[in-house]
Amino acid sequence: MEPDRDYAEQGVSLMGPELGGNQDQFSFHDSPVQRKGGIPSIELVLENDCCVGCGACAVRGQMVMTRDAQGCRKAHPAAGADREALAEASKICPFADESPNEDVHSDRLYGSLSQADDVLGRYESVFHARIADDEEVAKSSSGGMTTFVLRELERLGAIDYVIHVGAGSSELFDYRASPADGASEFRKSVYYSSSFEEAVRVAKSKEGRYAFVGVPCFVSALRNLMLVDKVIEARVAYVFALICGHMKSSLFAESLAWQVGVKPNKLKAVDFRVKKPGTAASDYGFVASSSNGQGTAFRRSGELFGTNWGHGTFQLNACNFCDDIFGESADATFGDAWLPEFDTIWQGTNIVVSRSGVVTKLIEQAIDNNRVIGGELTVQQARTTQQGNINHRRFGLMARLAHDEMARKWVPIKRSRVLLAYRPDSRRAAISQKRRNLSAKSFRAFETAKRWRIYSLYPILLSPALIDYEHSYVEAKDFGAGLVPRGKIIVRVARAILRGIKIDASSVKDALRLRTKV
């Protein structure tokens with residue numbers, strides 16, 4: 001998933017406390033109203049729209065997965081699911097109170113590692129890296145290191161299969177269990193709500209050694225599942241995380257495709273990150289193809305409405321309550337090295353946080369053999385690549401928890417160790433709430449546009465919340481200095497609306513042309 005690099009705010013310290021001290025979880029209140037008499041908290045997760053759709057609870061059979069009207073994969077109790085089944089699901093769900101947190105898994109799996117940070121978690125080594133073959137790296141979203149490590153593990157005989165997101169049979173994307181020797185076929189970033197229950201069931205039915213690749217909350221969910229399912233525990237040899245800004249619903253892909261001329265009901269395939277030699281690593285393109293045989297359409301991602309990751313459009317609500325940035329319970333974590341010195345490299349550069357001696361060694365050997373271009377990163381550099389994520393999942397999370405406490409809403413129990421040092425000021429708290437409001441309104445605005453089949457309704461209806469959010473970054477005390485950024489906000493929104501009107505006008509012309517031919 002895309003790092004939240006656009007959700008950055010200058011002047012916020014990125015350094016938190018050292019790992020250690022109070023390891024307890026906390027919630028803002030534990031009253032009977034909050035916990036509702038000790039019912040399995042999976043029910044509260046679902047009731048409060050905090051399901052991230054991972055599918056871990058469905059592997060055991062007590063839950064089923066569906067896609068809702070907002071394009072999000074969500075869990076529901078299976079017919080006949082009893083209290084005991086829901087209690088077990090609560091031990092698996094990454095947002096339920098009964099499930100282990102990332103500290104529990106990290107202490108159990110990587111307790112021997114002496115190096116730790118409150119954002120990165122425990123780690124053995126931190127790299128910046130990309131594969132040296134330009135032809136191969138061009139096929140990856142970033143530096144190609146996730147695929148490289150999977151290939152090397154398969155070559156060493158350490159894994160036979162990979163559980164990963166790929167092109168789906170009935171949907172654009174879904175989780176699959178694929179032979180590891182085909183790792184090159186399932187690279188690329190996918191910003192699309194998916195569930196892994198079917199792929200993990202394949203692993204339960206087919207012997208072999210598996211590697212799992214997922215965003216941090218999915219990694220936590222799988223670790224929870226492995227504690228209650230010994231077959232999965234025995235077969236999953238490696239667990240890898242992808243740094244995630246937030247999970248997107250399927251409407252995100254539809255909204256981008258519509259802007260390049262492919263309507264939601266005609267969408268066949270998308271590529272969220274297409275590289276162009278000679279440009280910045282962050283200046284990638286988007287491609288969509290239509291089911292009516294009209295081919296593919298390309299557009300620079302930065303030109304499309306809704307691609308600013310900081311706006312949180314089509315973000316799942318569960319992502320408002322996640323505190324794991326670097327996949328702390330994964331054997332290694334991969335992401336984009338969003339640093340100025342690497343953005344000029346069009347091929348892309350990965351950050352790799354390794355907690356595995358095997359992974360560390362194979363990357364070091366590959367660098368020595370010139371198969372990989374890279375070196376070590378400092379902890380501060382690693383943290384800086386995720387400045388926006390730290391703002392969202394530390395300062396912003398504290399603000400959202402406090403807000404929901406005041407509203408007497410249920411919230412998942414979070415780790416005090418990683419949050420208590422990040423007290424948001426009133427401005428950060430306001431920004432956090434407006435971002436959440438903007439995210440929620442993006443669903444309603446786009447659903448209206450789809451219902452009326454008029455794309456321009458989406459930017460028109462969303463523009464008030466977007467302008468209000470962007471306005472939060474302008475210092476109210478200096479109105480004069482804020483005129484330029486205020487003007488830029490309005491111009492960006494106006495351009496998006498005008499492009500939307502052109503899209504709709506083109507659709508009308510196409511419809512009239514077809515009627516004339518008939």
Side-chain angles (χ1 to χ4, degrees), residues 40 42 45 51-67 73-82 84-96 98-100 104-105 108-109 146 149-150 153-154 157-171 173-183 185-186 190 193-242 327 329-332 356:
I42 188 74
V45 169
C51 173
V52 78
C54 64
C57 61
V59 174
R60 301 286 287 181
Q62 63 267 48
M63 308 291 286
V64 294
M65 305 301 299
T66 59
R67 188 174 299 280
R73 294 283 286 175
K74 294 291 177 66
H76 304 278
D82 56 20
E84 184 177 344
L86 293 177
E88 183 181 71
S90 298
K91 296 178 182 178
I92 297 171
C93 173
F95 290 93
E98 296 90 326
S99 64
V104 173
H105 293 303
R108 177 174 60 87
L109 298 166
T146 311
V149 168
L150 292 172
L153 291 174
E154 189 275 333
I159 60 172
D160 306 301
Y161 303 96
V162 180
I163 299 171
H164 66 98
V165 174
S169 56
S170 60
E171 303 193 40
F173 300 99
D174 211 343
Y175 260 88
R176 298 155 51 186
S178 303
D181 58 7
E185 301 302 318
F186 45 79
V190 174
S193 176
S194 303
S195 304
F196 62 64
E197 77 280 5
E198 292 299 332
V200 172
R201 284 178 185 146
V202 170
K204 286 195 68 172
S205 64
K206 181 186 290 187
E207 291 187 8
R209 292 157 296 182
Y210 291 77
F212 176 89
V213 182
V215 295
C217 59
F218 280 38
V219 166
S220 295
L222 185 76
R223 290 296 192 191
N224 295 341
L225 178 62
M226 291 168 72
L227 290 178
V228 301
D229 194 314
K230 297 307 177 184
V231 175
I232 297 301
E233 182 182 39
R235 291 184 180 171
V236 176
Y238 287 90
V239 177
F240 297 129
L242 304 174
S329 52
D331 297 312
S356 161

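The CE atom of M226 lies 9.5 Å from the NE2 atom of H105; values are rounded to the nearest 0.5 Å. The structure places CD of Q62 at 9.0 Å from CG of D82, a figure rounded to the nearest 0.5 Å. Separating the CD1 atom in I159 from the CZ atom in R209 is a distance of 9.0 Å, to the nearest 0.5 Å. Atoms NE2 and CG, on H164 and L150 in that order, are 9.5 Å from each other to the nearest 0.5 Å. Going from atom OH of Y210 over to atom OG of S178 covers 10.0 Å, rounded to the nearest 0.5 Å. Remark: R67 CZ to D174 CG distance equals 7.5 Å, nearest 0.5 Å.
In this structure, K74 places its NZ atom where more than 12 heavy-atom neighbours from other residues, nucleotides or ligands lie under 6.0 Å away.
A pairwise comparison of heavy atoms in Y161 and K206 identifies OH-CD, 3.3 Å as the closest pair. Closest non-hydrogen pair, S194 versus Y175, comes out as CB-CD1, 4.2 Å. In this structure, A203 and R235 approach most closely via the heavy-atom pair O-NH1, 2.8 Å. Heavy-atom minimum distance, A96 versus I42: CB-N, 4.5 Å. Scanning all heavy atoms of the two residues, the minimum distance from G55 to M65 falls at CA-SD, 3.8 Å. Residues A241 and G327 share a closest heavy-atom pair of CB-CA, 3.8 Å.
Scanning for ring-ring contact (aromatic ring centres under 6.0 Å, His included) contacts around F240 gives Y238, F334, with sequence neighbours left out. Scanning for side-chain contact (heavy atoms from CB on, under 4.5 Å) contacts around A56 gives C54, I92, F196, A221, with sequence neighbours left out.
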With salt bridge (Lys or Arg N to Asp or Glu O under 4.0 Å) as the test, would you mind laying out the steps for E88 and K91 before giving the verdict?
CA-CA 5 Å; E88 183 181 71; K91 296 178 182 178; over 6 Å; no
Start with the C-alpha distance between L222 and I163, add both sets of side-chain angles, then the distance that settles side chain to side chain contact (heavy atoms under 4.5 Å, CB included), and finish with yes or no.
CA-CA 11 Å; L222 185 76; I163 299 171; 5.9 Å; no
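Residue N224 is tested with C93, S329, S99 for a side chain to side chain contact (heavy atoms under 4.5 Å, CB included); the sole match is S99. With respect to V52, the side chain to side chain contact (heavy atoms under 4.5 Å, CB included) criterion is satisfied by exactly one of C217, S195, S220, S193: C217.
Side-chain contact between L225 and V228 is present, with at least one heavy-atom pair separated by less than 4.5 Å.
With hydrogens and angles ignored, the 3.5 Å screen pairs no side-chain donor or acceptor of R176 with any backbone N or O of G166.
Using a 4.0 Å cut-off between charged nitrogen and carboxylate oxygen, K230 and E233 count as a salt-bridge pair.
Sorted by first and then second residue, the salt bridge (charged side-chain N to carboxylate O under 4.0 Å, His left out) pairs involving residues 216-229 (not counting sequence neighbours) are R60-D229, K204-D229, R223-D331.
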